[in-house]
Structure formats: structure tokens, C-alpha cells
Asks: 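Dumping the structure here so I can ask a few things about it.
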Protein chains: 2
Amino acid sequence: MAAPSIRARVRAEMIDEIKAVARRHLASDGANLSLRAVARDMGMVSSAIYRYFPSRDELLTALIIEAYDALGEAVEAADAGCDRLDLRGRWHAACRAARGWALAHPAEYALLYGSPVPGYAAPDDTIGPAQRPPLTLMGILRDGFDAGRLDPPPAAEMAGPLRADLADLAGMLGGELPETLLARGMAGWTQLFGLISFELFGRINRTLPHRDAYFDHQTALMADLIGLPRTG
Amino acid sequence: MAAPSIRARVRAEMIDEIKAVARRHLASDGANLSLRAVARDMGMVSSAIYRYFPSRDELLTALIIEAYDALGEAVEAADAGCDRLDLRGRWHAACRAARGWALAHPAEYALLYGSPVPGYAAPDDTIGPAQRPPLTLMGILRDGFDAGRLDPPPAAEMAGPLRADLADLAGMLGGELPETLLARGMAGWTQLFGLISFELFGRINRTLPHRDAYFDHQTALMADLIGLPRTG
DNA sequence: TTCTTTTCGAGAGCGGCGCTCTCGTTCGAC
DNA sequence: GTCGAACGAGAGCGCCGCTCTCGAAAAGAA
């Protein structure tokens, strides 16, 4: 394992090149990726691809994982670039980063968050990377609560079983996060996904030309709902 | 035009049957509808389908329009079944109806709100039916504001161009609806879409078993954000 | 160095796809 | 009763994912 053999190295490069070409095809032709077209672009015959990926779905899975990681990294980097206590600034930065990545990589975003491909079941390798964006957002809430800058909403109205579910979810975040606060955060994440999807899938283009302002206003509404203080 | 000829009648029946079979295939096999499979199910050869639909996309468009109308009707009916002044009840009923229809017709929902098919551009026939669910939700806000039961949030922070966009949008609703209120309603609609999509596309199954309670809590949060009064 | 094993790409081929074209048939409109 | 339009069947085109086989080349063992 110390010295990766030449054969292993060239094989890894081959895999990377296949993924790169596939990503290009994804960006230009949309979601229905054609193995044969990728092979053609590489000057290979289609069956040769199967030396590197056992099926088209496996290739798609590899692209999905990399896309999740790219999105997650963009969101985490934006969040990390803010003052830890500027909760609202972190929220907006993370949301804008997610939208920016999605607008820059629409086909990959559609691959991640669009309708699932019929026969395709996302393997377990994807769930970790898939959770990076929401975990980043919820981390802002956790930090805010830990710092005493975020008041938890009253827990009165939340049903017991739901509270237990959310408590389990909060356990994954490390710190202490009240269930009612987590629920508001999830509302924000859910709405963020909806915002980006609506914009990307062409549902608000006609009616709302000022998309940046709309986006910021909408994410600010959710920041209000969560209770993120207006000044860092 | 008075008496539809027999030929026209049997042709219409044929079209309906093709759509019915296609819907069945959509429900069982997912989004990648196969014209040939539909033809097989009808005891026809594939080329015969082209007597009734010029292309697979046209068949999909017909299914999409019908699905939009079915969803819209479900939402409108749920809303209509409530006391006009029970704004919060109407909101919850409409949201639950949308979710119920989506859970009952997941493949059709994916067709409507999933990632757009690469080559496929939604024709103008679809935009009317597509607006029925959000128009129903915004109608609740308009009624509430008209009745004086909904206080508009302060308009101070909203940028001018965005306010103009939203004013145009509000014009489509007939009554008077402040832009800030409409923005909150749109946030609710956006989050509703995200909620349903996350649930349908399997993103919260593991972590949140009590889905009904979660859904109701999340829609209630948005009702709070909008300012819908808690008692009808 | 020689021999064996593994890896790799090419090629043919299978069934399925959307779609087109042609060719008889059938059936309604005149 | 005749004519023309509508119709379904069939063959075929180029595409797809995927499998199998075969020869070349490279890597490891003798």
C-alpha cells in the first residue's frame, strides 16, 4: 500500500477523467447521462467504461457524492468565513452559498435534489455528504443557543412523539438544541431547498425578475422565524 | 360541432385510455415513461400511438396538465370546505390536501415538481394549472387581509424593485394584498413544496418517523410567520 | 529472462427505446 | 356507392445500457 503501483495510479486517473467527462455531459445535456457518449468523448468504446464503473448508476452515484461534497464544502466555507457570533450573517452566507453553487451547477443540483431516478436507490455512501448542508445550518442554531443568543420558542404545542424525533435529530449535532428551535431550523432548510428548486426549475423566472433580492428577503424571513438576532 | 362524430368520440376515448395506461405505468415504473410499453399494454404496436400523440413529450405534457389540475382541485376543494374566516384552518387544510395528493400520486408529483426533463420545456398550457395551488394559498391571505384579520408586516425593509415585483404578483390575485404579506405567503408555499418533496424523495424517512405530526408542525410554523390567527 | 496471470480495450451482439415511413384496411362523409 | 381520411401493423433507423469474447499488453513469479 505504501507505493501505489503505476497501474493503480493510471487507473485512478482514468476514473477521474471519466467522471470529469461525465460531469461535462451532465452540464450540457442534462440529467440523462449516456455512457456511450462519455465513452465516445474519451475515444473509447462503450464497453471499456465498464472496466471502471460496473454500471451507469455507479457512475452517477460517484458524481452525486462528489456533488454533495462540493455543495457541502461551499456552504461550510461560507459559514466558516463569518464571525462565529454573527448568527444572522452566517445564516445568510450559508444560504447564499448553497444558491450560488446550485446556480453554477444546475444539472448537478438537479441530480442531488430533483426527482429520484426510478430504478435508482441512493446508496448509503451518499447520506453522509448529503447531510453536510443542513448540518451546517443547524450548527448555526446550536452555536447561537449555546452562546445564549437564541431563545427557544415555547415547547408547549409540540406533540411528544415529534419532540422525541427531533431530540434524536438534535443529538447528532453535538451541542444542546431545543426541539422547537431545531424544528424552526428545519423549516428554514426546507424553505431554502424550495427556494433554490423553484428558481432553478424555472417557476419564478417570469414573475420575479429581481431574484437576488427575493432570495435574500425570503431567507431573512426564515431567519426571523428562527429568531436569529438582527445584529451580530 | 353539435354532434361529435362517432369517429371523434372513439378517438377521444382512445386518447383517454392511452393516458390512463400511461398514468398506470408512471405509477408503477416511475418517471421514465415508455411509449412502447404503453402500446404493448394496449395491444397495439408502438407506432400506432403516434396517431394520437405526436411525441412522447406531448403525452407527458397531457399527463402533467391533468396532474396539475388534479392537485389544484384537491387543494381548492380542501380550502373551499372550510369556513372562509377560519384562515388558519384553511391554510392547514390546503397544505394537508397538497401533501395527501402527493403521497397518493408520488410519480405524478415527481413529474410536476421534480427535476425538469432535459430536453423538455413545459409548454404554456401548463402554467395556468400549475398556479392553482399557490393561488389558492395566496387567496387565503388575500381574504384574511380583506377581512381585516391579517396585519401586514412593516414594509420598511423590502427593497423597491422587489416590492414592485411582488405588487405585480399581488395584482393577479384580485384583492389588495400588501407585498410583505405576499412574500410571507410565498415563503409558506415554498416551504410546503420543500416539505412534500423531502418526504416524498426519502430525505426524512429515517430520522422523522412521525411524519404527520412533523408536517403539521412545520406548516403551523409558516402560518405563524404569515400571522394567521390561531382561532378562526 | 521466461512464463503465467491479470488487466485492459475493441468488437459483436442482445433487447429496448423514440421515432419515421410505407402499406393495406376500414369506415365515415359526401 | 364511392372516395378519401384515419388507422394499425410492420420494418427499419440510430440510439441506449449491458454482456461476452478475444487478443494485446503489462505486471508479477519462476
Side-chain angles (χ1 to χ4, degrees), chain A residues 1-19 21-22 24-26 28-64 107 111 116-121 123, chain B residues 1-19 21-22 24-26 28-64 107 111 116-121 123:
Chain A
M1 186 162 299
S5 70
I6 299 181
R7 201 156 207 164
R9 204 169 50 81
V10 65
R11 181 180 173 84
E13 287 173 6
M14 204 69 173
I15 289 179
D16 280 348
E17 188 177 344
I18 291 174
K19 287 194 284 193
V21 173
R24 261 184 23 222
H25 273 257
L26 216 55
S28 64
D29 297 355
N32 45 3
L33 181 67
S34 159
L35 259 183
R36 288 182 116 108
V38 172
R40 266 195 304 273
D41 258 28
M42 300 190 58
M44 291 168 66
V45 91
S46 71
S47 59
I49 301 280
Y50 288 84
R51 298 285 178 193
Y52 304 95
F53 291 94
S55 75
R56 176 177 165 275
D57 279 359
E58 292 283 336
L59 173 56
L60 273 181
T61 298
L63 295 176
I64 285 174
L111 207 59
V117 183
Y120 178 80
Chain B
M1 184 165 298
S5 70
I6 299 182
R7 200 155 209 168
R9 204 169 49 81
V10 65
R11 181 181 172 83
E13 287 173 6
M14 204 67 173
I15 289 179
D16 280 349
E17 189 177 343
I18 291 175
K19 288 194 284 193
V21 173
R24 260 182 27 219
H25 273 256
L26 217 56
S28 62
D29 298 353
N32 46 3
L33 181 68
S34 160
L35 258 184
R36 288 182 117 108
V38 172
R40 265 196 304 273
D41 258 28
M42 299 189 60
M44 292 168 65
V45 90
S46 71
S47 59
I49 300 282
Y50 288 84
R51 299 286 178 194
Y52 303 95
F53 291 94
S55 74
R56 176 177 165 277
D57 279 359
E58 292 283 337
L59 173 55
L60 273 180
T61 298
L63 294 176
I64 286 174
L111 208 59
V117 183
Y120 178 80

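Owing to the predicted nature of the structure, the values given are computational and were not obtained by experimental measurement. Here is how names work: the chains are called A, B, and so on, in the same order as the sequence lines, proteins then strands, and each is numbered from 1.
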Asks: Rounded to the Å, how far apart are B:Leu35 CG and C:dG18 P?
Replies: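 To the nearest whole Å, that distance equals 5 Å.
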
Asks: Start at the 5' end of DNA chain D and walk down; is the nucleotide closest to A:Ser47 or to B:Val10 reached first?
Replies: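 Nearest-nucleotide comparison on DNA chain D picks B:Val10.
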
Asks: Taking CG from A:Asn32 and C1' from D:dG17, how many angstroms apart are they, rounded to a whole number?
Replies: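 Atom-to-atom, A:Asn32 to D:dG17, this comes out as 13 Å.
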
Asks: Is any side-chain N or O of A:Ser34 under 3.5 Å from a base N or O of D:dG17, one able to act as donor and the other as acceptor?
Replies: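 Check fails, no donor-acceptor contact within cut-off.
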
Asks: Which of these nucleotides, D:dG8, D:dA27, C:dC8, is closest to any side-chain atom of A:Arg11?
Replies: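 Ranking D:dG8, D:dA27, C:dC8 by closest atom to the A:Arg11 side chain puts C:dC8 first.
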
Asks: Look at all strands and tell whether B:Met42 reaches a base, only sugar-phosphate, or nothing, counting heavy atoms closer than 4.0 Å.
Replies: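 Counting heavy atoms under 4.0 Å across all strands, no contact is made by B:Met42.
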
Asks: Going by side chain to side chain contact (heavy atoms under 4.5 Å, CB included), name the residues that satisfy it together with A:Asp41, two or more places apart in sequence or in a different chain.
Replies: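 A:Val21, A:Arg24, A:His25.
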
Asks: Pick out which of B:Lys19, B:Arg11, B:Glu17 makes a side-chain contact (heavy atoms from CB on, under 4.5 Å) with B:Tyr52.
Replies: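 The single option meeting the side-chain contact (heavy atoms from CB on, under 4.5 Å) with B:Tyr52 is B:Arg11.
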
Asks: Between B:Arg9 (CZ) and C:dC27 (P), how many Å, whole number?
Replies: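 Interatomic distance, CZ of B:Arg9 to P of C:dC27: 15 Å.
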
Asks: Quick one, A:Met42 and A:Met14 - any side-chain contact, counting heavy atoms below 4.5 Å?
Replies: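 SC-SC contact between A:Met42 and A:Met14 confirmed.
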
Asks: Counting side-chain heavy atoms from CB outward, which of C:dG11, D:dA26, D:dG8 is closest to A:Arg7?
Replies: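 Looking only at side-chain atoms, A:Arg7 lies closest to D:dA26.
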
Asks: Any idea which of D:dC7, C:dA10, D:dC16 is nearest the B:Tyr52 side chain?
Replies: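 Nearest nucleotide to the side chain: D:dC7.
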
Asks: Rounded to whole angstroms, how far apart are OH on B:Tyr50 and P on C:dC17?
Replies: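 So the OH-P distance, B:Tyr50 to C:dC17, works out to 11 Å.
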
Asks: Nearest of D:dA9, D:dG17, C:dG9 to any side-chain atom of A:Met44?
Replies: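 Among D:dA9, D:dG17, C:dG9, the one nearest the side chain of A:Met44 is C:dG9.
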
Asks: Kindly say if B:Arg56 contacts the phosphate of C:dG18, meaning a side-chain N or O under 4.0 Å from OP1 or OP2.
Replies: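 Yes, B:Arg56 has a side-chain N/O under 4.0 Å of OP1/OP2 on C:dG18.
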
Asks: If I take atom CD1 in residue B:Ile15 and atom P in nucleotide D:dC7, what distance separates them, rounded to the nearest angstrom?
Replies: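 That distance rounds to 9 Å.
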
Asks: Under 4.0 Å, heavy atoms only, any strand: does A:Ile49 hit a base, just the sugar-phosphate, or nothing?
Replies: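 Nothing: the residue A:Ile49, judged by heavy atoms under 4.0 Å, touches no strand.
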
Asks: So how far is it from A:Ile49 CD1 to A:Leu35 CG, rounded to the nearest 0.5 Å?
Replies: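 Going from CD1 on A:Ile49 over to CG on A:Leu35, the span is 6.0 Å.
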
Asks: Taking atom C1' of D:dC16 as reference, at what distance in whole Å does atom NE2 of A:His25 sit?
Replies: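 About 14 Å, once rounded to whole Å.
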
Asks: Give the rounded distance in Å between these two atoms: CD of B:Glu58 and P of C:dC19.
Replies: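 Computing the B:Glu58:CD to C:dC19:P distance gives 10 Å.
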
Asks: With a cut-off of less than 4.0 Å, is there a side-chain N or O of A:Arg40 near OP1 or OP2 of D:dG14?
Replies: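 No, no such contact exists.
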
Asks: Select one nucleotide: of C:dG11, D:dG8, D:dC16, the one nearest the side-chain heavy atoms of A:Ala37.
Replies: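 When the side chain of A:Ala37 is considered, D:dC16 is the closest of C:dG11, D:dG8, D:dC16.
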
Asks: I need the B:Tyr50 OH to B:Leu59 CG distance, nearest 0.5 Å.
Replies: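 If we round to the nearest 0.5 Å, B:Tyr50:OH and B:Leu59:CG are 9.5 Å apart.
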
Asks: Please confirm whether any donor atom in the side chain of B:Arg36 sits under 3.5 Å from an acceptor in the base of C:dG16, or the reverse.
Replies: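 Donor-acceptor pair under 3.5 Å: no.
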
Asks: Would you mind classifying the nucleic acid contact of B:Ser46 as base, sugar-phosphate or nothing, using non-hydrogen atoms under 4.0 angstrom?
Replies: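 B:Ser46: base contact, heavy atoms under 4.0 Å.
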
Asks: Measuring from B:Leu60:CG to B:Phe53:CZ, what's the distance to the nearest 0.5 Å?
Replies: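 Result: 10.0 Å between the selected atoms.
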
Asks: From CZ of A:Phe53 over to P of D:dC18, roughly how many Å is that when rounded to an integer?
Replies: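 Nearest whole value for this atom pair: 13 Å.
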
